[in-house]
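First the structure, in the form of structure tokens, and then the observations on it.
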Amino acid sequence: MKQKIKNLIFHAAHKAYEHGDLTSPELPEIIVEEPKISSHGDFSTNIAMVAAAVQKMSPANIASAIIKHLIDDEKILEKTEVAGPGFINFFIHPLSWHPVLLEIHNQDDRYGAIDIGKGEKIQVEFVSSNPTGPLHVGHGRGAVVGDSVANILKFCGYDVQKEYYINDSGRQIYTLGKSVFIRYKELQGEKIHFPEDCYQGDYIRDYAIEINDSKGKTLLEKDEESAISYCARFAATRIVEQIREDLNSFGVEFDCWYSEQSLFDSGKVDAVIEDFRKKKFIYEKDGALWFKTTNYGDEKDRVVVRNNGQKTYFASDIAYHQDKFDRGFERLIDVWGADHHGYVSRVAGSIEASGRRRDQFHVILVHLVNLLRGGTPIAMSTRAGEFVTLNAVIKEVGRDATRFIFLTRSYESPLDFDLELAKQKTNDNPVFYVQYVHARISSIIRKGKERGIDEIRWKEGAIALLREPEEINLIKTMTRYPEVLKASAEFMEPHRLTFYLMNLASLFHAYYNKHRVLTEEPLLSLGRLYLVLAVQKVIRNGLTLLGVSAPERM
RNA sequence: GCGCCCGUAGCUCAGUGGAUAGAGCGUCAGCCUCCGGAGCUGAAAGCCGCUGGUUCGAACCCAGCCGGGCGUACCA
């Protein structure tokens with residue numbers, strides 16, 4: 001509809017110039033928007049004001065010239081007017097909105113899927129939590145954001161892969177192994193002080209018990225390093241399994257689990273360091289190897305190989321991102337915790353150094369989650385083993401509510417997650433509000449069947465009866481759905497979709513309270529059923545992209 | 001100190017150049033012989049942190065300041 005208006009303006013402006021009503025053929029970009037206030041029409045354009053300088057005419061005169069030459073073949077316009085400082089307002093004939101209902105039914109679960117991706121290969125990497133302990137709520141937020149962004153991009157025509165990067169190398173894994181090994185030694189009767197820099201959680205002891213059961217005291221007979229290494233591998237594998245299960249029960253599934261260690265094993269890390277050294281991006285100083293990240297806006301250069309010969313996390317990350325491009329992805333999206341924001345410029349630098357464009361790499365920084373219960377904060381610390389796991393949260397408040405709440409805010413702002421609030425079935429907790437629409441419509445449709453309306457289909461005479469303001473408003477709002485998705489995809493902001501769904505839900509509830517769907521008139525009932533079924537489809541479609549279920553009953 | 005993010009109704013937050021700034025909660029006043037009240041209607045409530053600038057037009061863009069969060073390792 002918006003596009004139609006744009007076309008009308010475009011042609012009218014050209015015609016106006018040909019007839020000498022405009023002084024210049026030059027046109028600014030035509031921007032059509034939906035005014036917030038209904039008395040300003042369904043659509044408006046500011047073109048007259050923007051063009052004033054070029055045309056050397058007053059906005060009002062430009063506006064009237066354009067209106068004069070509008071050719072509305074389809075008769076969609078009820079009225080046009082010049083208003084305020086020079087806006088042109090368009091009022092759409094209410095019945096002109098109806099055809100979108102047919103579109104929704106025909107396209108069904110593909111409604112809104114405009115192909116902006118054109119098959120571009122894009123990778124979304126998210127969660128990627130260290131396999132040293134269970135996921136907590138903060139990871140959950142990243143998981144939902146990444147998952148939903150990926151879903152939306154996929155829906156909009158991108159060829160998307162979801163990836164989890166397993167940091168199964170480096171010091172934190174060694175510490176994990178050491179933690180388990182010490183617990184194991186305790187089980188073997190040794191009295192040792194458990195170091196503070198080791199992982200304190202109970203799960204560490206559980207793994208030690210398992211190892212103790214299967215291996216007995218044989219680990220003590222090995223040298224300590226290989227025993228720790230055994231414990232590390234054992235625990236990391238278990239933890240990754242656990243993470244995978246937790247994510248699955250949260251509705252998140254990855255296409256690929258990529259191991260950091262494999263980058264070392266395959267020599268990719270050494271290869272990229274060597275390559276960058278030749279190209280002078282990496283140099284030696286004080287016995288260490290440094291990457292010239294200052295060339296890319298970083299405040300100082302960063303070490304990739306320490307003077308003790310060990311590679312830093314940054315080294316494998318350079319190789320990792322090179323590898324992603326080597327695997328054919330044209331664009332990379334990383335979802336990180338906002339506390340890692342200082343890391344962006346150096347990874348981006350490594351990507352530019354390899355000849356890729358800066359805009360092929362995008363980092364979504366998800367801000368932190370403050371967990372509360374009934375208004376009081378819950379302390380969280382992984383190292384100290386004090387945290388509420390994601391799994392516990394899902395069990396307590398449910399997957400749908402958890403996911404939805406994470407998406408009711410822009411990820412750029414910190415989020416208070418109150419366990420008590422999340423369980424409430426009120427408007428504090430909007431997931432129920434939206435799901436309720438879906439369930440309610442299911443119920444209406446069931447009732448309709450009882451009354452003998454088995455087939456809900458487009459029937460001209462029935463659709464023509466949809467002319468209540470609330471009905472037109474619902475249809476109009478559903479017309480906007482594809483644009484909302486497009487914006488969600490382009491900005492990679494799933495919360496836009498969340499807010500849209502809450503808005504649509506609100507319009508539906510209002511309509512439901514004011515008008516009956518199932519009336520004494522069969523034709524009217526059919527038309528209204530056709531309408532609410534469309535609403536249900538859009539709601540279901542949106543919820544699905546957010547990974548939230550659309551229940552028939554609640 | 002420097003860098004990134006955030007300052008919008010009592011609270012939690014939407015709103016990335018348009019006309020009269022929105023929603024939920026909370027407060028107040030209403031709506032159940034009727035398709036699911038997990039719902040609806042209405043009201044009160046705002047120097048959009050401050051000051052300048054750009055623009056026909058700024059919550060939004062730019063600069064500076066004031067608050068708050070996070071980061072600032074040869075850790076990951």
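Note on naming: letters A, B, ... go to the chains in the order of the sequence lines (proteins, then strands), and numbering restarts at 1 for each one. Nothing here was measured: the structure is a model prediction, and the numbers come from that model.
- Within the model, atoms NE2 of A:His495 and CZ of A:Arg409 stand 10.5 Å from one another, a figure rounded to the nearest 0.5 Å.
- The nearest whole Å value for the distance from the CZ atom in A:Arg302 to the P atom in B:U72 is 9 Å.
- B:G18 atom P lies 17 Å from atom CD1 of A:Ile88, rounded to whole Å.
- Among the heavy atoms of the strands lying under 4.0 Å from A:His515 is at least one base atom, whether or not backbone atoms are also near.
- As rounded to whole Å, 15 Å separates atom P of B:C70 from atom CZ of A:Arg141.
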Quiz item: Dot-bracket for RNA chain B, 5' to 3', with Watson-Crick and G-U pairs under 3.5 Å, [ ] for crossing pairs and | for other-strand pairs: what is it?
Solution: (((((((..((((....[...)))).(((((.......))))).....(((((..]....))))))))))))....

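- Looking at heavy-atom distances under 4.0 Å, A:Ser413 makes contact with sugar-phosphate atoms alone, never a base.
- Both tests pass for A:Arg496 against the ring of A:Phe491: distance under 6.0 Å to the centre and angle within 45° of the axis.
- Cation-pi geometry between A:Arg277 and A:Tyr283 is not satisfied (NZ or CZ under 6.0 Å from the ring centre, within 45° of the ring normal).
- Checked against the 6.0 Å centroid threshold, A:Tyr164 and A:Phe126 do not count as a close aromatic pair.
- Nearest nucleotide to the A:His509 side chain, out of B:C56, B:C35, B:G39: B:G39.
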Self-check item: ring-ring contact (aromatic ring centres under 6.0 Å, His included) between A:Phe281 and A:Phe276, intermediate numbers included
Solution: CA-CA 5 Å; A:Phe281 295 124; A:Phe276 279 180; 5.5 Å; yes

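- The ring of A:Tyr411 has its center no closer than 6.0 angstrom to the ring center of A:Phe406.
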